[in-house]
Amino acid sequence: MSKPFDLHDGLGYRLTIAARSNNASFDADLSQIGLTRQMWCVLIAVGEQGITTPSGIADYIGIIRPATSRTLKQMEKNGLLRRVSGTTDKRTTTVELTAKGKHSLALSLPFAQKQRDHVEECLSVEEQATLTELLQKLTASAASTASGV
């Protein structure tokens, strides 16, 4: 007789639980300043990485373009950013943070650092490097079906 399938033995289950545990306090912190994780990722893409096109933001975050468009629309409505049509080609759009968006980004960075510090307290430098390498390997093998955030 074969052993019954145990959900808790699976690496996928453990990865999911680890991700949820890692994200829970960060998501709670972000919600205090009116941000979702996806909004925060947009703030990072634009404010920290200098990515200003919707398609570039989608690629950086790892989400589909319609999801990016919805998030940008909500963030614009919330006063966090503005979308500007191109001057020579009205089909092009660039994204820039408003003062409120820059302020929200500044408020959120300590939350992100707190989460990063927590991981660094739990894992040695060598363990972090190994885990990063293994996660990159898993992510690369599923790149065609993976979605971010």
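Just so you know, these numbers use all the heavy atoms, side chains as well, and skip hydrogens, waters and symmetry mates. Everything numeric here is computed off the predicted structure, so don't read it as measured data.
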N/O donor-acceptor pair under 3.5 Å between Lys102 side chain and Leu80 backbone = no
Provide the closest heavy-atom pair for Glu76 versus Arg82 in the form atom of the first, atom of the second, distance.
-> OE2-CA, 3.9 Å
Of all residues at least two apart in sequence or in a different chain, which pass the side chain to side chain contact (heavy atoms under 4.5 Å, CB included) check with Asp59?
-> Arg65
What distance separates Leu105 CG from Glu48 CD, expressed to the nearest 0.5 Å?
-> 5.0 Å
Excluding sequence neighbours, so at least two apart, what forms salt bridge (charged side-chain N to carboxylate O under 4.0 Å, His left out) with Glu120?
-> none
Side chain to side chain contact (heavy atoms under 4.5 Å, CB included) against Pro66, all qualifying residues, sequence neighbours excluded | Ile64, Arg70
Say whether, by atom type as modelled, one donor and one acceptor occur between the side chain of Asp6 and the main chain of His8 under 3.5 angstrom.
-> yes
Looking only at atom types and distance, does a side-chain atom of Ser124 sit under 3.5 Å from a main-chain N or O of Glu127, one as donor and one as acceptor?
-> yes
Flag, side chain of Glu133 to backbone of Thr130, donor-acceptor distance under 3.5 Å | no
Which heavy-atom pair separates Ala45 from Tyr60 by the least distance, and what is that distance?
-> CB-CD2, 3.5 Å
Test Thr53 against Thr93 for side-chain contact (heavy atoms from CB on, under 4.5 Å), laying out the working first.
-> CA-CA 6 Å; Thr53 64; Thr93 301; over 6 Å; no
Main-chain N/O of Gly79 paired with Thr98 side-chain donor or acceptor, under 3.5 Å | yes
Taking only Lys NZ, Arg NE, NH1 and NH2, and the carboxylate oxygens of Asp or Glu, determine whether Asp27 and Arg20 approach each other closer than 4.0 Å.
-> no
Student check: side-chain heavy atoms of Asn78 and Met39 closer than 4.5 Å = yes
Determine yes or no for a side-chain-to-main-chain donor-acceptor pair under 3.5 angstrom, with Gln128 supplying the side chain and Leu123 the backbone.
-> yes
Kindly compute the distance separating CG (Asp29) from CZ (Arg37), expressed to the nearest 0.5 Å.
-> 10.5 Å
Measure the shortest side-chain to side-chain distance between Glu96 and Thr52 over non-hydrogen atoms and say whether it is less than 4.5 angstrom.
-> no
Is the side chain of Gln115 donor-acceptor paired with the backbone N or O of Asn22 at a distance under 3.5 Å, no angle test?
-> yes
Answer with yes or no after comparing the ring centroid distance for Phe26 and Trp40 against a 6.0 Å cut-off, counting only values under it.
-> yes
